[in-house]
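So the structure is just underneath, and the comments pick up after that.
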Protein chains: 2
Amino acid sequence: MEKHAADCGTQGGYSCPVEATIDIIGGKWKSVILFHLIDEKKRFNELRRLIPGVTQRMLTLQLRELERDGIVHREIYKQVPPKVEYRLTAFGETLIPIIHQMMNWGMSYAAKISEARNRSAAEKL
Amino acid sequence: MEKHAADCGTQGGYSCPVEATIDIIGGKWKSVILFHLIDEKKRFNELRRLIPGVTQRMLTLQLRELERDGIVHREIYKQVPPKVEYRLTAFGETLIPIIHQMMNWGMSYAAKISEARNRSAAEKL
DNA sequence: CGGTATCCGCGAGGATACTG
DNA sequence: CAGTATCCTCGCGGATACCG
């Protein structure tokens with residue numbers, strides 16, 4: 001690693017700072033999970049209900065990755081029936097501004113996307 | 001579509017606004033491409049050089065998707081040797097705040113990620 | 001309730017070669 | 001220079017079944 005960081009601030013094996021970020025939140029469901037954890041901690045099946053498209057398996061996997069990366073904390077209550085709560089860690093909370101920005105953008109322009117895609121799909125005929 | 005938007009502002013077939021956003025910029029290289037297009041338009045091989053990990057094929061594919069979604073514009077100069085420039089559209093520029101936020105986060109915390117991953121990898125032994 | 005375990009298809013994405 | 005075209009692999013992610 002002798003190169004003097006071409007143009008971005010190269011760190012941690014990424015060629016560009018946004019690459020690191022997308023590596024963390026780029027999973028299919030991660031940003032959505034984080035979105036739902038912003039306000040308050042949630043139980044596993046709560047998240048499942050909040051995210052209609054996700055399967056149990058995928059929710060588990062994505063949560064495990066977020067846990068590994070130090071973004072969410074998994075609290076297990078030793079009782080029957082079991083109870084597990086997920087919440088953002090302090091580190092995870094540093095992502096909130098990004099999620100908020102993504103939420104705002106999505107609310108403003110989600111409609112335009114379907115529009116643009118329909119247009120280009122129509123042109124293909 | 002009769003449901004009254006559970007909790008997020010449901011639009012365009014997404015259950016959550018951030019889902020729409022990640023659908024646009026969630027591709028493996030899209031956010032990095034956008035990052036490099038923020039300041040000024042770039043030629044194809046310029047982008048290749050700026051993004052060491054990307055293959056020619058993937059760069060093309062990701063650019064085509066961004067073009068389809070109305071995020072980038074592709075300007076072809078009819079000459080030999082060919083010259084093609086990519087730049088953000090006005091719509092694409094609405095994503096700049098998100099990219100900036102991702103860049104800032106990446107610069108601040110990219111190091112912590114490798115750290116967290118190394119730790120959890122070490123625990124697995 | 002909150003998960004694993006297993007099987008499997010499909011498509012994202014890499015490698016290589018060729019082209020206008 | 002800026003792409004297609006083709007082939008191939010790998011692992012994401014769905015479906016289903018079972019467990020503490």
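On a predicted model such as this, the values are computed, not experimentally measured, just so you know. Heavy-atom basis, side chains included; hydrogens, waters and symmetry copies ignored. Convention: sequence-line order gives letters A, B, ...; per-chain numbering from 1.
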Checklist entry - How far apart are the C-alpha atoms of A:Leu34 and B:Val18, what are their side-chain angles, what is the distance that settles it, and do they pass the side-chain contact (heavy atoms from CB on, under 4.5 Å) test? => result CA-CA 10 Å; A:Leu34 295 178; B:Val18 302; over 6 Å; no

Item to check | OP1 or OP2 of D:dG3 under 4.0 Å from side-chain N/O of B:Tyr86 | outcome: yes

Cut-off 3.5 Å, no hydrogens considered: what does the side-chain donor-acceptor table look like for residues 94-103 of chain B, sequence neighbours left out?
from: B:Thr94; atom 1: OG1; to: A:Trp105; atom 2: NE1; distance (Å): 2.9
from: B:Thr94; atom 1: OG1; to: B:Phe91; atom 2: O; distance (Å): 2.5

Checklist entry - Looking only at side-chain N and O atoms, does B:Arg64 come under 4.0 Å of OP1 or OP2 in D:dT4? => result yes

Checklist outcome for this item: Taking D:dT4, D:dC1, C:dC1 as options, the one with an atom nearest any side-chain atom of B:Thr60 is D:dT4

Checklist outcome for this item: salt bridge (Lys or Arg N to Asp or Glu O under 4.0 Å) pairs touching residues 58-79 of chain A, sequence neighbours excluded, are A:Lys30-A:Glu65, A:Arg64-A:Glu67, A:Asp69-B:Arg117

Checklist entry - Over how many whole Å does the gap from A:Asp23 atom CG to D:dC12 atom P extend? => result 12 Å

Next on the checklist: Whole angstroms only, please: what is the CD1-P distance between B:Ile51 and D:dA2?
Outcome noted: 14 Å

Checklist entry - Phosphate oxygens OP1/OP2 of C:dC1: is one of them under 4.0 Å from a side-chain N or O of A:Arg48? => result no

Item to check | Atom-to-atom span, CD1 of B:Ile76 to C1' of D:dA2 - whole angstrom | outcome: 10 Å

Item to check | Between C:dC1 (C1') and A:Leu47 (CG): distance, integer Å | outcome: 14 Å

Next on the checklist: Does the protein touch nucleotides 13-20 of chain D at the base, only the backbone, or not at all? Give it as B, S and - per nucleotide, heavy atoms under 4.0 Å.
Outcome noted: BBB----B

Checklist entry - Rounded to the Å, how far apart are A:Leu59 CG and D:dC12 P? => result 16 Å

Checklist entry - Are side-chain heavy atoms of B:Ile33 and B:Tyr86 found at a separation under 4.5 Å? => result no

Item to check | Validation row: A:Phe44, A:Thr60 side chains within 4.5 angstrom (heavy atoms) | outcome: yes

Item to check | side chain to side chain contact (heavy atoms under 4.5 Å, CB included) partners of A:Asn45, counting only residues at least two apart | outcome: A:Arg48, A:Arg49

Checklist entry - What is the bend of the helix from C:dC1-D:dG20 to C:dG20-D:dC1 when you compare the axis at one end with the axis at the other, using five pairs each and rounding to 10°? => result 60°

Checklist outcome for this item: Applying side chain to side chain contact (heavy atoms under 4.5 Å, CB included) to A:Arg87 and not counting sequence neighbours gives A:Lys41, A:His73

